[in-house]
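Both counts, for ligands and for their atoms, begin at 1 and track the order of listing.
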Amino acid sequence: MATAMSHQSIGSLVSHRSSSSSTISESLREPLKVATKGFKIDSSLSYTSRRKRNFSKIEAIASKTPSVSYNTPLSPSKNITHNSPKKPKEAALILIRHGESLWNAKNLFTGCVDVPLTEKGVEEAIEAGKRISNIPVDVIFTSSLIRAQMTAMLAMIQHRRKKVPIILHNESEQAKTWSQVFSEETKSQSIPVIPAWQLNERMYGELQGLNKQETAERYGKQQVHEWRRSYDIPPPKGESLEMCAERAVAYFEENIEPKLAAGKNVMIAAHGNSLRSIIMYLDKLTCQEVISLELSTGIPLLYIFKEGKFMKRGSPVGPTEAGVYAYTKRLAQYRQKLDENSEVICS
Ligand SMILES: O=C(O)[C@H](O)COP(=O)(O)O
């Protein structure tokens with residue numbers, strides 16, 4: 001896609017992080033002055049009050065503090081209970097945008113339309129899986145859309161630990177009951193995959209199914225760019241990034257961060273815009289900075305969560321890349337274990 005950018009570019013884009021040491025609750029007590037040049041946020045528009053406060057807070061912190069380097073830890077979320085200072089829990093967080101879909105290939109606005117991966121998308125997912133095959137994964141969150149679920153499953157097939165990813169069906173009590181596993185041993189050899197509609201692609205409204213190029217010719221490049229990349233301008237009858245963030249980031253805070261805080265390693269397979277909103281939250285990007293954040297299909301991004309802070313580690317280039325393991329002992333030890341037990345666990 002014309003907008004796709006390599007993971008190296010993503011790395012450089014996300015270097016706009018804030019060094020604020022305020023906690024969320026501290027920052028919420030401060031008066032919020034939210035205005036970035038040429039981009040005024042009217043946070044009263046669509047957010048629930050809690051969400052409004054969180055994002056205004058992110059903006060307030062980001063606009064008040066200087067940019068800092070790539071690896072600077074962020075302040076903790078208010079949802080996180082701190083672990084014992086003696087044994088701080090650490091966890092890996094992998095974000096992955098689905099591989100190329102049939103509508104990516106046709107350059108159509110897709111949004112919440114549920115289309116599968118192309119062959120190239122399948123290959124991208126497998127390649128992504130190889131890149132993260134030495135990184136521990138205890139639980140997987142996906143959107144409810146097949147392209148994200150295919151990506152998660154294909155990626156996990158490559159993992160050296162060879163646990164079986166199992167989709168948890170929570171759509172009804174019966175679905176839950178009928179998909180139960182009754183062996184603890186089998187459970188320990190599987191990875192729960194939790195689908196959540198909140199992680200779906202932003203709803204593209206009346207653009208869904210239209211060709212992106214033709215839409216730009218009809219409505220003008222500038223208008224279409226605003227619909228696709230601005231923070232708070234929704235496409236006709238669709239969701240703005242701000243609206244998408246309202247549900248995706250809320251889900252992340254309420255369901256995913258507590259898992260990380262408990263030391264669980266998490267993979268999220270989702271979409272360009274739901275992940276952009278989550279990265280905006282993790283990296284404290286301003287609503288201007290997020291405009292230029294582009295995610296390529298099938299490129300995994302690694303974060304380390306430690307002591308309530310997220311540290312971005314970029315995209316592992318390969319499973320044995322030294323850089324990934326240099327940052328954290330725990331990942332290095334996990335990989336060493338995989339190497340030592342490879343015959344047992346990979347059989
Ligand atoms: O929904 C879509 O069309 C794409 O997945 C994301 O599209 P975008 O790059 O136009 O936001």
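Only the side chain of R97 comes within 4.0 Å of ligand 1, counting heavy atoms alone; its backbone N, CA, C and O stay farther away. Residue contacts with ligand 1, taken as heavy atom pairs separated by less than 4.0 Å, involve Y204 solely via side-chain atoms from C-beta onward. With a 4.0 Å heavy-atom cut-off, ligand 1 is reached by no atom of H271. Only the backbone of L108 comes within contact range of ligand 1, with a heavy atom under 4.0 Å; no side-chain atom does.
Each of the atoms 3 (O) of ligand 1 lies under 4.0 Å from some heavy atom of F109. Set against the non-hydrogen atoms of R229, the atoms of ligand 1 under 4.0 Å away are 8 (P), 9 (O), 11 (O). Of all atoms in ligand 1, numbered sequentially from 1 with element shown, those under 4.0 Å from a heavy atom of N273 are 6 (C), 11 (O). Annotation for ligand 1: atoms under 4.0 Å from non-hydrogen atoms of E201 are 1 (O), 4 (C), 5 (O), 6 (C).
In this pair, Y281 and F252 present their aromatic rings perpendicular. The plane angle is above 60°, beyond the 30 to 60° band.
Nearest to atom 2 (C) of ligand 1 by heavy-atom distance, out of N104, T110, V113, L241, is T110. Comparing heavy-atom distances from atom 7 (O) of ligand 1 across Q208, R228, K212 singles out K212 as nearest.
Using a non-hydrogen distance threshold of 4.0 Å, G272 does not register as a contact of ligand 1.
Side chain to side chain, N273 and E201 meet the donor-acceptor criterion of an N or O pair below 3.5 Å. There is no side-chain donor-acceptor pair under 3.5 Å between T297 and H98. No hydrogens or angles considered: a donor-acceptor pair under 3.5 Å links the side chains of N200 and S144. One side chain, N265 or R330, offers a donor N or O that lies under 3.5 Å from an acceptor on the other. Between D339 and Y334, the side chains place no donor N or O within less than 3.5 Å of an acceptor N or O (distance only, hydrogens not considered).
Partners of E185 according to the side chain to side chain donor-acceptor pair (under 3.5 Å) rule, which considers only residues two or more places apart in sequence or in another chain, do not exist here.
Looking at every heavy atom in both residues, V290 comes nearest to R276 through O-NH2, 2.7 Å.
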